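Contents: one structure, followed by commentary.
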Amino acid sequence: MSGTSDKQPLPGLPVDLRGKRAFIAGVADDHGYGWAIAKSLAAAGAEILVGTWVPALNIFESSLRRGKFDESRVLPDGSLMEITKVYPLDAVYDCPEDVPEDVKTNKRYAGSSKWTVKEVAESVKQDFGTIDILVHSLANGPEVTKPLLETSRYGYLAAVSASSYSFISLLKHFLPITNPGGATISLTYIASEKIIPGYGGGMSSAKAALESDTKVLAFEAGRKNNIRVNTISAGPLRSRAAKAIGFIDMMIDYSLENAPLQKELSAEEVGNAAAFLASPLASAITGAVVYVDNGLNAMGVGVDSPVFRDLDIPRSNKN
């Protein structure tokens with residue numbers, strides 16, 4: 001387990017996750033929000049399990065073994081984040097019966113087994129019994145670069161399946177092994193409620209569905225097993241996944257110019273927010289969309305527009 005297992009009270013009002021076990025779905029490298037959340041949970045004392053997309057599994061595990069991620073694994077106390085176990089996972093498929101033959105025989109899936117959501121939950125139960133924290137850091141839209149009017153039915157439904165229904169499936173299958181009082185966290189984006197040109201292919205719809213589902217699942221999981229369900233609306237990050245969209249640098253520049261806090265968002269800031277939401281300090285927070293975006297969500301206009309050139313708008317000295 002990462003961090004100390006000593007249960008002596010810490011001074012102040014700390015985020016203390018010692019004795020807790022987290023499963024983070026969607027960690028395939030050391031650059032994205034999933035990795036950052038794992039690090040923050042580990043820094044707070046949680047044991048870390050991850051689910052990695054099957055085609056990326058070998059590269060991820062090899063990089064871990066060869067020490068390529070060691071610099072990124074360093075925790076605030078100088079120790080390295082330990083990942084207790086890595087599970088192959090493809091959250092597009094709920095059970096083995098759902099997997100089409102062409103995927104079963106695909107060489108990218110060769111050598112891996114028990115990677116559907118149901119099978120992974122069963123494996124975690126067999127290996128560890130229970131978890132306390134479930135993190136959904138998954139999203140994919142095969143037609144994300146297409147405007148919505150040009151998105152096919154296949155592309156739209158694929159985005160919703162991979163990016164929002166996958167959370168329902170994860171919670172459905174992990175809920176029986178999640179200890180009462182546990183927490184689940186997903187990641188969303190402001191495109192769910194405001195227009196972000198270029199974020200297409202049904203991905204804005206998928207994020208809107210995810211946020212709506214967060215509220216419904218908060219009620220259902222809360223009543224059924226006293227589990228909290230929240231989602232973090234994170235600002236733009238130069239992750240590998242975000243770069244695939246093609247305009248992430250523009251979105252970061254836009255945020256720097258227009259957000260109340262004129263600084264580039266770090267993955268660590270999102271990770272720390274997730275650790276708080278997973279902790280007893282957030283015991284009364286559920287069904288919430290928590291914005292971690294330097295306040296960009298609060299803006300009604302882009303203040304870098306020439307329209308406002310004659311206004312005396314405060315700007316950061318660093319900018």
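Heavy atoms only: backbone and side chains are in, while hydrogens, waters and symmetry mates are out. Please read these numbers as outputs of a predicted model, since none were measured by experiment.
The line from CD1 of Ile185 to OG1 of Thr231 is 9.0 Å long, rounded to the nearest 0.5 Å. Distance OG1/Thr84 to CZ/Phe23: 12.5 Å, rounded to 0.5 Å. Rounding to the nearest 0.5 Å places CG of Asp293 at 4.5 Å from CG of Asn297. To the nearest 0.5 Å, atom CG of residue Leu41 and atom CD1 of residue Ile24 are 5.5 Å apart. Between the CD1 atom of Ile196 and the NZ atom of Lys194 there is a distance of 8.5 Å, given to the nearest 0.5 Å. In this structure, OG in Ser161 is found 11.0 Å from CG in Leu138, a value given to the nearest 0.5 Å.
The only option from Asn294, Asp249, Ile252 that meets the side chain to side chain contact (heavy atoms under 4.5 Å, CB included) definition with Pro236 turns out to be Ile252. Applying the side-chain hydrogen bond (donor to acceptor under 3.5 Å, both in side chains) test between Thr188 and each of Lys207, Glu193, Glu211 identifies Glu211 as the sole match. Screening Asn179, Leu17, Thr178 against Ile133 for a side chain to side chain contact (heavy atoms under 4.5 Å, CB included) leaves a single residue, Leu17.
Ion pairing between a basic and an acidic side chain is recognised when a charged N comes within 4.0 Å of a carboxylate O; Glu257 and Arg315 show such pairing. Look at Arg21 and Glu47 and you find a salt bridge, because one of the NZ, NE, NH1 or NH2 atoms lies within 4.0 Å of a carboxylate O, short of that distance.
Judged purely by atom type and a 3.5 angstrom limit, Ser279 has no side-chain atom pairing as donor or acceptor with the backbone of Asp16. In terms of modelled atom types and a separation under 3.5 Å, the side chain of Thr105 and the main chain of Glu101 share a donor-acceptor contact. With hydrogens and angles disregarded, no donor-acceptor distance shorter than 3.5 Å links the side chain of Ser79 to the backbone of Leu75. Counting only distance, with no hydrogens or angles, the side chain of Ser192 and the backbone of Tyr189 share a donor-acceptor pair below 3.5 Å. Remark: the backbone N or O of Ile59 is paired with a side-chain donor or acceptor of Ser63 at under 3.5 angstrom. Not one N or O on the side chain of Lys85 forms a donor-acceptor pair closer than 3.5 Å with the backbone of Gly51. The main-chain N or O of Pro180 is never found under 3.5 Å from a side-chain atom of Asn226 such that the two would form a donor-acceptor pair. Panel note: side chain Arg228, backbone Ile285; a donor-acceptor pair is recorded below 3.5 Å.
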### Query
Can you list the steps and then say if Ser123 with Gln126 is a side-chain hydrogen bond (donor to acceptor under 3.5 Å, both in side chains)?
CA-CA 5 Å; Ser123 295; Gln126 182 177 356; 5.5 Å; no

### Query
Hey, mind stepping through Lys114 and Glu122 against salt bridge (Lys or Arg N to Asp or Glu O under 4.0 Å) and telling me if it holds?
CA-CA 9 Å; Lys114 297 182 178 181; Glu122 290 172 345; over 6 Å; no

#### Entry: Chi angles and distances behind the side-chain hydrogen bond (donor to acceptor under 3.5 Å, both in side chains) call for Glu143, Ser152
CA-CA 8 Å; Glu143 298 180 12; Ser152 69; 2.6 Å; yes

### Message
For a side-chain contact (heavy atoms from CB on, under 4.5 Å) check, start with the C-alpha distance between Tyr291 and Ile232, then their side-chain angles and the critical distance, and finish with the verdict.
### Response
CA-CA 6 Å; Tyr291 297 95; Ile232 293 174; over 6 Å; no

### Task
Given salt bridge (Lys or Arg N to Asp or Glu O under 4.0 Å), test Glu269 with Lys263 step by step and report yes or no.
CA-CA 12 Å; Glu269 290 171 307; Lys263 62 181 182 61; 2.6 Å; yes

### Query
Between Thr116 and Val99, does a side-chain contact (heavy atoms from CB on, under 4.5 Å) hold up when you go through it step by step?
CA-CA 8 Å; Thr116 64; Val99 183; 3.8 Å; yes

### Task
Go through the steps to decide whether Leu49 and Ile83 satisfy the test side-chain contact (heavy atoms from CB on, under 4.5 Å), and finish with yes or no.
CA-CA 6 Å; Leu49 314 175; Ile83 298 177; over 6 Å; no

### Full working for side-chain contact (heavy atoms from CB on, under 4.5 Å) between Val290 and Phe276
CA-CA 11 Å; Val290 178; Phe276 161 72; over 6 Å; no

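At a threshold of 4.5 Å between side-chain heavy atoms, the hydrophobic network of Ile, Leu, Val, Met, Phe, Trp and Tyr places Leu210 and Val292 in two separate groups. By the rule that hydrophobic residues join a cluster once side-chain heavy atoms approach within less than 4.5 Å of another member, Phe128 and Leu171 end up as members of one cluster.
Counted within 6.0 Å of NZ on Lys107, heavy atoms from surrounding residues, nucleotides or ligands total 12 or fewer; the atom is thus considered open. Surrounding CD of Glu268 are at most 12 heavy atoms belonging to other residues, nucleotides or ligands under 6.0 Å away. For Leu311, the CG atom is densely surrounded, since the number of other residues' heavy atoms within 6.0 Å is greater than 12. For CZ of Phe308, the number of neighbouring non-hydrogen atoms (other residues, nucleotides, ligands) closer than 6.0 Å is greater than 12.
Annotation: side chain of Tyr93 is not in contact with side chain of Val117 (no heavy-atom distance under 4.5 Å). Contact of the Phe219 side chain with the Arg223 side chain is registered, since non-hydrogen atoms from C-beta on lie closer than 4.5 Å. In this structure, the side chains of Arg73 and Trp35 come closer than 4.5 Å at one or more pairs of heavy atoms. In this structure, Val54 and Arg108 have side chains that are not in contact, with every pair of non-hydrogen atoms separated by 4.5 Å or more. Counting only heavy atoms from C-beta outward, the side chains of Leu281 and Val15 approach each other to under 4.5 Å. When side chains are defined from C-beta on, Tyr254 counts as touching Leu296, because their heavy atoms get closer than 4.5 Å. Considering only heavy atoms from C-beta on, Val50 stays 4.5 Å or farther from Tyr87 through its side chain. Residues Ile131 and Leu134 meet the side-chain proximity criterion, which asks for heavy atoms closer than 4.5 Å.
Of all heavy-atom pairs between Ala206 and Ala159, the closest is CB-O, 3.7 Å. Contact detail for Val120 and Leu89: the closest heavy-atom pair is CG2-CD1, 3.8 Å. Scanning all heavy atoms of the two residues, the minimum distance from Met203 to Ala139 falls at CE-CB, 4.0 Å. Shown here for Tyr33 and Gly235, the closest heavy-atom pair between the two residues is OH-O, 2.7 Å. The two residues Val92 and Ala162 come nearest to each other via the heavy atoms CG2-CB, 3.9 Å. Pairing each heavy atom of Leu175 with each of Ala221, the nearest pair is CD1-CB, 4.2 Å.
Residues passing the ring-ring contact (aromatic ring centres under 6.0 Å, His included) test with Tyr109 are Trp115, sequence neighbours excluded.
Side-chain polar atoms of His136 and Thr184 form no donor-acceptor pair below 3.5 angstrom. For the residue pair Tyr165/Asp213, the side-chain donor-acceptor check at 3.5 Å is not satisfied.
Phe69 has its ring centre less than 6.0 Å from the ring centre of Phe60.
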